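Take a look at the structure below.
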There are 2 protein chains.
Amino acid sequence: MTAHTLRYYERVGLIQPVGRASNGHRRYSEADEAWLQFLHCMRATHMPIREMQRYAELRELGDSTSEARRKILEDHRSEIAAQIKRLEHAHALLDHKIANYKKIENRTRIGGPKEIEPPVNCEVGIAS
Amino acid sequence: MTAHTLRYYERVGLIQPVGRASNGHRRYSEADEAWLQFLHCMRATHMPIREMQRYAELRELGDSTSEARRKILEDHRSEIAAQIKRLEHAHALLDHKIANYKKIENRTRIGGPKEIEPPVNCEVGIAS
DNA sequence: TCTTGACTTTGAGCGCACTCCAAGTTGTAG
DNA sequence: CTACAACTTGGAGTGCGCTCAAAGTCAAGA
């Protein structure tokens with residue numbers, strides 16, 4: 001996280017105005033750091049800034065917003081689960097395609113294969 | 001994928017100029033569709049358009065670019081693996097936090113707990 | 001014949017999340 | 001005392017990936 005980003009997050013209300021040293025420089029408390037780490041983790045998993053703002057806002061309002069906050073987290077958790085699924089699917093697809101590329105490279109280096117193999121585009125989405 | 005996006009992809013060279021019906025409307029072949037599906041899968045896993053362009057370009061150049069293309073796919077596969085790791089970490093974190101929220105909600109509804117439990121912020125990044 | 005709707009084009013516009021610029025202040029090292 | 005680095009501010013700029021607007025063409029249906 002860059003200093004620019006930290007200031008940006010403060011500007012847009014993701015973090016409360018942070019403590020200052022006597023010279024006016026920002027001093028991040030451990031609580032600030034933990035919160036920033038959490039924000040970072042949410043951003044790294046593509047939670048929109050808007051949603052993080054909403055969460056931060058509720059957090060400021062205190063314990064009565066607990067359920068609303070939990071719902072936000074649950075929604076994001078679902079989103080994460082969906083992302084994982086997409087990624088795993090793509091990962092498998094790439095395994096398939098990479099293996100296919102290797103096969104092709106061997107063919108062209110050493111010569112034709114002993115048997116004619118079917119084109120490996122036997123699955124949707126394997127198009128070269 | 002919207003029609004807008006399809007035209008955009010054609011404009012930026014992700015797909016070759018596609019066939020037309022007699023009235024000038026685009027007609028996507030099955031090969032086009034398979035390729036688009038692949039592109040969609042890559043985008044859904046955050047491959048940048050730039051990299052997809054590079055891949056498409058190599059693909060047009062024919063078999064001699066096989067290794068370069070494979071490298072692109074391998075790089076993206078690594079990227080995907082890293083993403084999965086991040087997501088799984090975040091998922092576990094959210095499990096933790098959501099459980100904690102539920103605990104808090106039960107406490108406030110029913111009354112104090114029988115025993116004083118330690119605050120659940122026992123791990124980095126669990127800050128409310 | 002007229003209307004409707006789906007497509008066509010070029011080029012501009014938008015939302016997101018930063019990212020940087022310019023000008024100013026402060027603390028430290030030489 | 002001077003130079004420099006590291007911070008401060010408000011506001012502007014950037015890059016990505018779409019997304020839409022405006023004006024035009026064409027085919028089918030009432």
Side-chain angles (χ1 to χ4, degrees), chain A residues 1-30 32-33 35-59 72-73 75-76 78-80 82-83 86-87 90 125, chain B residues 1-30 32-33 35-59 72-73 75-76 78-80 82-83 86-87 90 125:
Chain A
M1 241 177 190
T2 70
H4 286 310
T5 304
L6 290 175
R7 290 195 274 269
Y8 169 68
Y9 278 13
E10 194 173 335
R11 261 204 318 218
V12 300
L14 283 178
I15 53 184
Q16 289 297 103
V18 69
R20 303 301 180 111
S22 58
N23 58 8
H25 292 192
R26 286 173 179 79
R27 288 290 165 243
Y28 293 89
S29 69
E30 297 208 349
D32 290 333
E33 281 187 37
W35 173 238
L36 282 165
Q37 216 161 109
F38 172 66
L39 291 179
H40 182 69
C41 184
M42 294 301 99
R43 272 304 298 147
T45 54
H46 312 110
M47 182 183 275
I49 294 282
R50 271 291 164 84
E51 209 166 328
M52 287 168 38
Q53 285 173 322
R54 177 86 191 120
Y55 186 86
E57 204 174 276
L58 290 169
R59 186 165 167 266
I72 290 174
L73 298 188
D75 288 351
H76 188 54
S78 303
E79 191 45 55
I80 285 175
Q83 286 182 59
R86 271 198 296 282
L87 288 163
Chain B
M1 242 178 190
T2 70
H4 285 311
T5 303
L6 289 175
R7 290 195 273 269
Y8 169 69
Y9 278 13
E10 195 173 334
R11 260 203 319 217
V12 302
L14 283 178
I15 52 183
Q16 291 295 105
V18 71
R20 302 302 181 109
S22 58
N23 57 7
H25 293 193
R26 286 172 178 80
R27 288 290 166 243
Y28 293 89
S29 69
E30 296 208 349
D32 290 333
E33 281 187 39
W35 172 240
L36 282 165
Q37 215 162 108
F38 171 66
L39 292 179
H40 183 69
C41 185
M42 294 302 98
R43 272 303 300 147
T45 54
H46 312 111
M47 182 183 276
I49 295 280
R50 271 292 164 86
E51 210 166 328
M52 288 168 38
Q53 284 174 323
R54 177 86 190 117
Y55 186 86
E57 204 174 276
L58 291 169
R59 185 165 167 266
I72 290 174
L73 298 188
D75 288 351
H76 187 54
S78 303
E79 191 46 55
I80 285 174
Q83 285 182 59
R86 272 200 295 282
L87 287 164

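None of these values were measured; they are calculated from a predicted model. Order of the sequence lines sets the chain letters (A, B, ...), proteins ahead of strands, with each chain counted from 1.
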Look at the side-chain N and O atoms of Arg26(A) and state whether any lies under 4.0 Å from the OP1 or OP2 oxygen of dC7(D). no
Within less than 4.0 Å of OP1 or OP2 of dC7(C), is there a side-chain N or O belonging to Arg27(B)?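 So the side-chain polar atoms of Arg27(B) never come under 4.0 Å of the phosphate oxygens OP1 or OP2 of dC7(C).
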When the distance from [atom1] of [X] to [atom2] of [N] is rounded to whole Å, what number comes out?
X	N	atom1	atom2	result
Leu6(A)	dC7(D)	CG	C1'	13 Å
Arg20(B)	dT8(C)	CZ	C1'	8 Å
Met42(A)	dA17(C)	CE	C1'	17 Å
Arg7(A)	dT9(D)	CZ	C1'	9 Å
Asn23(A)	dG24(C)	CG	C1'	14 Å
Met52(A)	dC16(C)	CE	P	14 Å

Is there any side chain to side chain donor-acceptor pair (under 3.5 Å) pair reaching into residues 39-51 of chain A, and which pairs are they, with sequence neighbours excluded? Thr45(A)-His76(A), His46(A)-Gln83(A)
Where does the angle between the aromatic ring planes of Tyr55(B) and Trp35(B) fall among parallel (under 30°), tilted (30 to 60°) and perpendicular (over 60°)? parallel
[X]: partners by side-chain contact (heavy atoms from CB on, under 4.5 Å), with sequence neighbours left out:
X	value
Ser29(A)	Ala31(A), Asp32(A)
Ala21(A)	Asn23(A), Arg27(A)
Thr2(A)	His4(A), Thr5(A)

List in chain and number order the residues that pass side-chain hydrogen bond (donor to acceptor under 3.5 Å, both in side chains) with Arg54(A), two or more places apart in sequence or in another chain; answer none if no residue qualifies.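 Per chain and number, Arg54(A) pairs via side-chain hydrogen bond (donor to acceptor under 3.5 Å, both in side chains) with Glu57(A).
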Short heteroatom pairs, N/O only, protein and nucleotides 16-18 of chain D, under 3.5 Å:
residue, atom, partner, partner atom, Å
dG17(D), OP1, Arg43(B), NH1, 3.3
dG17(D), OP1, Ile49(B), N, 3.2
dG17(D), OP2, Ile49(B), N, 3.3
dC18(D), OP2, Tyr9(B), OH, 3.0
dC18(D), OP2, Arg43(B), NE, 3.0

Per atom distances to the His25(A) side chain, the nearest of dT9(D), dC7(D), dC26(D) is dC7(D)
